[in-house]
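Side chains included, hydrogens not; waters and symmetry mates left out as well; all remaining heavy atoms used.
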Amino acid sequence: MLDRKVAVAVCATTVGLAMGTTGAFADGKTGTVTVSTLNIRSGPSTSYSIVTKVHQGDKLEILESSNGWHKVKLSNGKIGWGSGNYISVSGSSSNNSSNQVTGKMGTITTAALNIRSGASTSHSIVTKAYQGDKVKILDSSNGWHKVQLSNGKSGWGHGGYISLSDSNAGSGNNANNGGETSTPVTGKTGTITTAALNIRSGPSTSYGIITKVYEGNKVEILEKSSNGWYKVKLSNGKIGWGSGSYISLSDSSAGSGNNANNGGEISTPVTGKKGTITTAALNIRSGPSTSYGVITKAYQGDRVDILESSNGWYKVKLSNGKVGWGSSSYISLSNSNTGSGSNSSSDNGQTSQSKVQKVLSTAMAQLGKPYVWGAEGPNSFDCSGLTYYVYKQVGITLPRVSTAQYSVGRSVSWNNLQPGDLMFSSTDGSGRITHVGIYIGNGQMIHAPKPGDVVQKTSINNSYWKNAHVGAKRVL
């Protein structure tokens, strides 16, 4: 059941009833920092400047939540935003529930479970877990569990699809590893494949950083944990754990010096390939991992030239000539020499147009369905739930809330609106986004207005909507 205190996430169109999806107020909540050092920023994303830092175990007052980030008040009175992935949130009423499940392991019991940035379906999806996956339970609230996946990512999943068990079953070694088993490894060396890799005191990001190693450095592999981390010995004798995603293994006795220097072929040239972006907005970085800075973004449907491949990332050239790295999980490859340039352009136009038509027909099919806060179809919707549902039918997964949806696509002016564009409004007079609808042409949009109302068509050519208008985005 959705927490009715988080009313600011509701989309509405009338002053007094308008409750925005910018953030969810978290009265009575406190947070504990779960990473060694956490940047506190001036806004809810890494694009904002760092105002201060907090450290593992610090307690924070939670003021507001937005798109997986928490607005927090520190013990010294400073206020800023920290990533929810590294803040364990609890409230005075949920302590007992949390104590009962913290330290347990869970098994996913459904084919695919959405892991979200907070404990309700109104929060954005940060990743997925799959049937049989083991997760570590970090916290519990309102029927949801905060879990840590084997790849180190954390978020909230619905407790109805997570079967719990004690993490302290088995040997002392297993208990020390937080429920993760480890296997001794002998005769192996590893090469670091990312710019800088944190070496931690245990096999997950919940453990403190004890040192760093850098790209190309060699490490001795001592153990491998069941969640894909390696216990390593550095050249200076220090021992700790690093994520296996950034360590390329080889037999210490195998191969020539050249092979050892290559570290398992860090980068491979790719020629004659084109890629298509398959997610709403993809960060293009200066190197092949999330530890590198974002230099630009590419958007769903954009075509890019593939230049190199490394560790699950592609080096790409965008249509504006910029070059950088994007995760291959969100880039669909094709041969660049397929068909003529003329046919390619025509096909892309037809595909885009057909998606617009499907968006419009899908939106029209929802007319008359009731507004329910937090609902994302198919029988009821809130405003951003409607746009989330409609666009998902054409293969585009938007962020779940309206403020986050405004971060994707290309901005378009009021005079250049086209059918299928998203229209964002501030319906409470604050100037911040509290509502979203789908423009369908002829001066009309389809939207889910407010509690007690239904999905409907509305004319935008009046003073109310013109004054409330914040901007429009094109994602098709």
Side-chain angles (χ1 to χ4, degrees), residues 45-47 127 151 153 190-198 213-218 228 242-250 255-352 355 395-397 407-410 474-476:
S45 83
T46 55
S47 63
T127 187
N151 61 7
K153 289 187 177 180
T191 304
I192 307 304
T193 62
T194 188
L197 177 63
N198 292 327
V213 288
Y214 300 94
E215 190 162 23
N217 284 358
K218 301 291 184 180
S243 171
S245 299
Y246 306 106
I247 303 174
S248 174
L249 290 195
S250 62
S256 67
N258 273 345
N259 289 341
N261 289 337
N262 286 339
E265 202 63 40
I266 291 175
S267 178
T268 304
V270 178
T271 58
K273 292 283 188 181
K274 286 276 192 182
T276 303
I277 307 302
T278 61
T279 189
L282 177 63
N283 289 330
I284 303 299
R285 298 178 179 270
S286 57
S289 84
T290 55
S291 64
Y292 290 89
V294 178
I295 56 178
T296 188
K297 290 180 183 286
Y299 297 96
Q300 189 150 28
D302 284 357
R303 302 277 286 172
V304 295
D305 292 319
I306 309 296
L307 305 178
E308 291 179 43
S309 176
S310 175
N311 196 33
W313 289 67
Y314 292 131
K315 190 175 186 179
V316 297
K317 183 177 180 180
L318 281 62
S319 59
N320 61 7
K322 288 188 177 181
V323 174
W325 294 82
S327 172
S328 62
S329 299
Y330 306 104
I331 303 174
S332 175
L333 290 193
S334 62
N335 289 319
S336 62
N337 57 3
T338 303
S340 69
S342 171
N343 289 340
S344 175
S345 174
S346 174
D347 289 344
N348 288 340
Q350 290 174 0
T351 300
S352 178
K355 285 186 176 182
I396 296 176
T397 302
S407 69
V408 304
R410 296 172 177 81
R474 185 167 299 152
V475 296
L476 293 172

Determine, stepwise, if the pair I306 / V316 fulfils side chain to side chain contact (heavy atoms under 4.5 Å, CB included). CA-CA 5 Å; I306 309 296; V316 297; 3.8 Å; yes
How far does [atom1] of [X] sit from [atom2] of [Y], to the nearest 0.5 angstrom?
X    : Y    : atom1 : atom2 : result
R303 : K274 : CZ    : NZ    : 6.5 Å
I284 : I295 : CD1   : CD1   : 7.5 Å
L197 : I247 : CG    : CD1   : 5.5 Å

Quick one: closest heavy-atom pair of [X] and [Y], and the distance?
X    : Y    : answer
T191 : K218 : OG1-NZ, 2.7 Å
A298 : L318 : CB-CD2, 4.4 Å
V475 : G409 : CG1-CA, 3.7 Å
G326 : I331 : O-CD1, 3.9 Å

Name all residues meeting the side chain to side chain contact (heavy atoms under 4.5 Å, CB included) criterion together with K315; count only those two or more places apart in sequence or in a different chain, and write none if there are none.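 Once residues adjacent in sequence are excluded, the partners of K315 under the side chain to side chain contact (heavy atoms under 4.5 Å, CB included) criterion are L307, E308, V323, W325.
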Establish, from distance only, whether the side-chain atoms of T127 and K153 form a donor-acceptor pair under 3.5 Å.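 Side chains of T127 and K153: no pair found under 3.5 Å.
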